[in-house]
Amino acid sequence: MAETKPLKRETWCGELREEHAGSAVTVYGWVNNMRELGGLTFIDLRDREGLLQVVVNESFPEPALLKRIGRETVLAVSGRVVRRAKPNPELASGQVELLAERIDVLAASEVPPFLPEARGNVSEELRFKHRYLDLRSAALQRNFRLRAKVNLLARNFLDREGFLDIETPMLSNATPEGARDYLVPSRIYKGKFFALPQSPQQFKQLLMVSGFERYYQIVRCFRDEDLRADRQPEFTQIDVEMSFAEPDELFAIMERLMRELFAARGFDVAVPFRRMPYAEAMARYGSDKPDLRIPFSIEDCTAEAAAWDSELIRAALAGGAKVKALAIPDGGSFSRKQLDEINETAKKLGGKGVIWMRKADGGFKSSLKVAPDAIAALFAARNIDPGALLLLIADAEPQALAVAGRLREHLGRRFQDKDRLEFLWVTDFPLFFYNEEEKRLDSNHHPFTSPRPGDVALLESEPLAVKAIAYDLVLNGVELGGGSKRIHDIALQRRVFQLLNLPEKEIEERFGFFLKALAFGAPPHLGIALGFDRLMMLLLGEDSIREIIAFPKTTSSLCLLTGSPSSVSQRQLDELGIAIRK
RNA sequence: GGGGUCGUAGUUCAGCUGGUUAGAACGCAUGCCUGUCACGCAUGAGGUCGCGAGUUCGAGUCUCGUCGGCCCCGCCA
């Protein structure tokens, strides 16, 4: 073979059209598929723009070359673009094909363990071991192109709104609260550690103290916690902070941002978004991130249930239980088997079981012995559709709400249309919750969150009743992000640390620098952080965050491609002053 | 930390209440084929049944442990 021509990409396989017919081109790409028909061979050549059919016929000078070509071989093909007698409507380039005059094999390929186009039929495990092959698929190519585009849209938008992109350290201090940190040992100061950021929280607040007023960063964050379909140990967030503003203004900016980002996939996002206090979200949906696509919510039927002649209910109520109800539309026709399954599901979700009620031939029936008249009265009083299935959960209120909320998500799956977007601001979170394990107050959000001004007095008398100026942005039952107005008053910040029962010494050690900064003219400021990966997941209708992270880890925090985490040499350990305990 | 589920050719799977030589499809190899685009036809190669113990005359199948994938609870300020 002649020596390889100098490489220059001028033409994309997937972009050739009828108007290119007659021109001489060179394309580069991977062999997606090959069809040999004796003296005639077709090669589907793939590059990032798509597929092109290459024809090798009797005019091709070097037919023996074809023996060296297989799936995923990298080729440079030169020839003439010709109009096809029989176009292929399935292909964007299907009007034309490339009549090969010269083919250079630029790289051979072993027989791949799977074909990129067949990724849907391949285990995630195998795909992760050969992620570079997986990433050749049209689906992932699309995902990462859109990710790049949305990233750029977000930057442009925030830039237009006057936000400055400022980088913050990846090596900083461990945080005493919140998620576990990924630690990085210091070589110079043996026994001391940096931590990778869980979020740039303190730095972005310091940037407000520095007077930048509007900051943003699309930044990697790290949390050493167990994984889920929508959680990875390292993830990216759109981090925003601004001074001299109230939540309303921030909400409006974020709503415009969402509008702009979702327009990239043709969504027309309606603004402003709904708002709902945390207490209402918990009471009606048993969740602080309700999926509003599901058209039924939780109701409290404790009062009605108290009148029923049921030993089970009486005992539960005597123990302080509440009775929570879900009316499932059209659930009245569920089979006995389906009802049993619902009961089993409720138990799996952490409940004690569920009571059903519905209208049947001749009257109302229930899995609990209750007079049909009482059930009929309940349906009538609550205006419940007679075709609905009423599910009742009797338990201590937090448990009852949690189980009802999970059951609502479970039974509401058929309403979870991916093309429908239900944005929601959840507001007025409690500032603290009681940490049973450590027998002390703990921050619900983080210790820099400001209480509502009217609630500051409650800090001393009834701290658990204090509401924060804190908010989450929820989309379709997924927490897209959250933020708060921050404490900019040093005395208040000190008091909050004290309420968290942090020893004075620790406050000084961990947050001394931060409190000091608040002493030098810290402006009122607030902010938010949005999970960029989750946002992309929802934008693309993917069920797993791993589909929009190029090199993700498995649910046990392993990288199957690189094998990380891995052992290090004794020399490295010695340099760091670290001994491994067996 | 806990619960569920899965692990069998390169891949996706089948393999019954334990039984003799573990199958299919796709992929791969070889040959034939000039208009295919899921090309077609023929022939063939390809297996440590994740790993380790145990029960049994006999284990892909049962038990225990272990490793790994996925889902969920806890956890995720």
Side-chain angles (χ1 to χ4, degrees), chain A residues 32-45 51-60 63 67 70-72 82 84-91 93-94 97 99 110-115 117-130 133 175-181 197-199 201-202 221-233 235 344-345 347-351 402-403 406 409-410 429 431-433 435-437 441-449 468 470 479 482-484 496 500 502 529 531 543-544 546 552-558 560 563:
Chain A
N32 198 62
N33 193 16
M34 217 171 151
R35 292 174 295 280
E36 293 184 88
L37 287 71
L40 183 66
T41 300
F42 298 101
I43 298 170
D44 293 337
L45 200 64
L51 293 172
L52 173 68
Q53 174 162 280
V54 173
V55 187
V56 182
N57 65 13
E58 79 286 343
S59 69
F60 187 70
K67 287 276 172 220
R71 304 255 194 174
E72 301 303 316
V82 296
R84 287 210 211 181
K86 213 165 70 177
N88 180 355
E90 305 286 313
L91 272 189
S93 66
E97 60 192 4
L99 185 58
E110 288 183 19
V111 175
F114 64 93
L115 298 174
E117 62 185 11
R119 70 185 296 270
N121 301 321
V122 180
S123 74
E124 216 174 344
E125 190 171 2
L126 188 72
R127 292 201 280 110
F128 285 174
K129 276 183 190 152
H130 303 276
L133 294 180
T175 47
E177 304 204 15
R180 294 186 188 90
D181 290 304
Q198 296 178 31
S199 103
Q201 185 60 38
Q202 289 173 55
C221 299
F222 305 85
R223 289 177 193 175
D224 186 7
E225 294 293 347
D226 289 346
L227 308 184
R228 290 281 194 285
D230 62 353
R231 255 196 253 163
Q232 281 276 303
F235 58 97
E344 283 312 304
T345 304
K347 284 180 182 166
K348 269 187 209 159
L349 296 177
V403 172
R406 285 174 198 156
E409 291 269 342
H410 180 79
F429 281 81
L431 187 63
F432 302 112
F433 69 97
N435 187 329
E436 287 289 347
E437 246 170 69
L441 291 180
D442 218 333
S443 290
N444 209 350
H445 192 49
H446 57 56
F448 315 110
T449 305
E479 181 194 328
S484 62
V496 167
L500 293 173
L502 292 179
D543 292 319
S544 166
R546 299 182 292 271
K553 302 207 169 30
T554 66
T555 48
S556 49
S557 283
L558 296 174
L560 296 180

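- The side chain of A:S123 places no N or O atom within less than 4.0 Å of a non-bridging phosphate oxygen (OP1 or OP2) of B:rG69.
- Between A:R71 and B:rC28 there is a side-chain N or O to OP1 or OP2 distance below 4.0 Å.
- For B:rU36, the OP1/OP2 oxygens have no side-chain nitrogen or oxygen of A:T41 closer than 4.0 Å.
- Pair assignment for B:rU66 gives B:rG50, based on Watson-Crick or G-U wobble hydrogen-bonding distances that are each under 3.5 Å.
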Please evaluate residues A:R35 and A:D44 with respect to the criterion salt bridge (charged side-chain N to carboxylate O under 4.0 Å, His left out), reporting the C-alpha separation (whole Å), side-chain torsions for both, the decisive distance (0.1 Å), and the verdict. CA-CA 8 Å; A:R35 292 174 295 280; A:D44 293 337; 2.9 Å; yes
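- Note on A:R546 versus A:E124: salt bridge recorded, some NZ/NE/NH1/NH2 to OD/OE distance being below 4.0 Å.
- Rounded to whole Å, atom P of B:rC76 lies 8 Å from atom CZ of A:R180.
- Going from atom CD1 of A:I43 over to atom C1' of B:rA38 covers 18 Å, rounded to whole Å.
- B:rG7 atom C1' lies 13 Å from atom CG of A:L126, rounded to whole Å.
- Atom CG of A:N33 is separated from atom C1' of B:rC28 by 13 Å (rounded to the nearest Å).
- For B:rU36, one of the phosphate oxygens OP1 or OP2 lies less than 4.0 angstrom from a side-chain nitrogen or oxygen of A:K86.
- B:rG4 and B:rU43 have their C1' atoms separated by 46 Å, given to the nearest Å.
- Taking atom C1' in both B:rU17 and B:rA59, one finds a spacing of 14 Å when rounded to whole Å.
- Protein atom NZ of A:K553 is 13 Å distant from nucleotide atom P of B:rG69, rounded to whole Å.
- Residues A:P447 and A:S544 each lie close to RNA chain B; by heavy-atom proximity, the contact nearer the 5' end of the strand is made by A:S544.
- By the 4.0 Å N-to-carboxylate-O rule, A:R231 lies too far from A:D226 to be salt-bridged with it.
- Base engagement by A:F42 is indicated by at least one non-hydrogen atom pair under 4.0 Å involving a base atom.
- B:rG46 and B:rU30 have their C1' atoms separated by 14 Å, with the value rounded to a whole Å.
- Listed nucleotides: B:rU11, B:rC75, B:rC70. Nearest to the side chain of A:D226: B:rC75.
- B:rC6 and B:rU12 have their C1' atoms separated by 14 Å, with the value rounded to a whole Å.
- With C1' as the reference atom, B:rG40 and B:rC26 are 16 Å apart, rounded to whole Å.
- Comparing B:rC67 with B:rC32, their C1' atoms are spaced 48 Å from each other, to the whole Å.
- One can place CZ of A:R231 at 13 Å from C1' of B:rC71, the figure rounded to the nearest angstrom.
- When the P atom of B:rG68 is taken as reference, atom CG of A:L560 falls 10 Å away, rounded to whole Å.
- For the pair A:R35 and B:rC39, the criterion of a side-chain N or O lying under 4.0 Å from OP1 or OP2 is met.
- At distances below 3.5 Å, at least one donor-acceptor pair connects side-chain atoms of A:S93 with backbone N or O atoms of A:L51.
- For A:T554 and B:rG69, the shortest distance from a side-chain N or O to OP1 or OP2 is below 4.0 Å.
- Donor-acceptor pairing under 3.5 Å, judged by distance alone, is absent between the side chain of A:E36 and the base of B:rG40.
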Between A:R223 and A:R180, is a side-chain contact (heavy atoms from CB on, under 4.5 Å) present by the stated rule, with each step listed? CA-CA 6 Å; A:R223 289 177 193 175; A:R180 294 186 188 90; over 6 Å; no
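- Rounded to a whole angstrom, the distance from the C1' atom of B:rG31 to that of B:rA45 is 15 Å.
- Between A:S556 and the phosphate of B:rG68, there is no side-chain N or O to OP1/OP2 separation shorter than 4.0 Å.
- In this structure, A:L91 reaches neither bases nor backbone, as no heavy-atom distance under 4.0 Å exists between it and the strands shown.
- Separation of the C1' atoms belonging to B:rA9 and B:rA25 is 12 Å when rounded to the nearest angstrom.
- Taking atom CG of A:N57 as the reference point, atom P of B:rC33 lies 16 Å away to the nearest angstrom.
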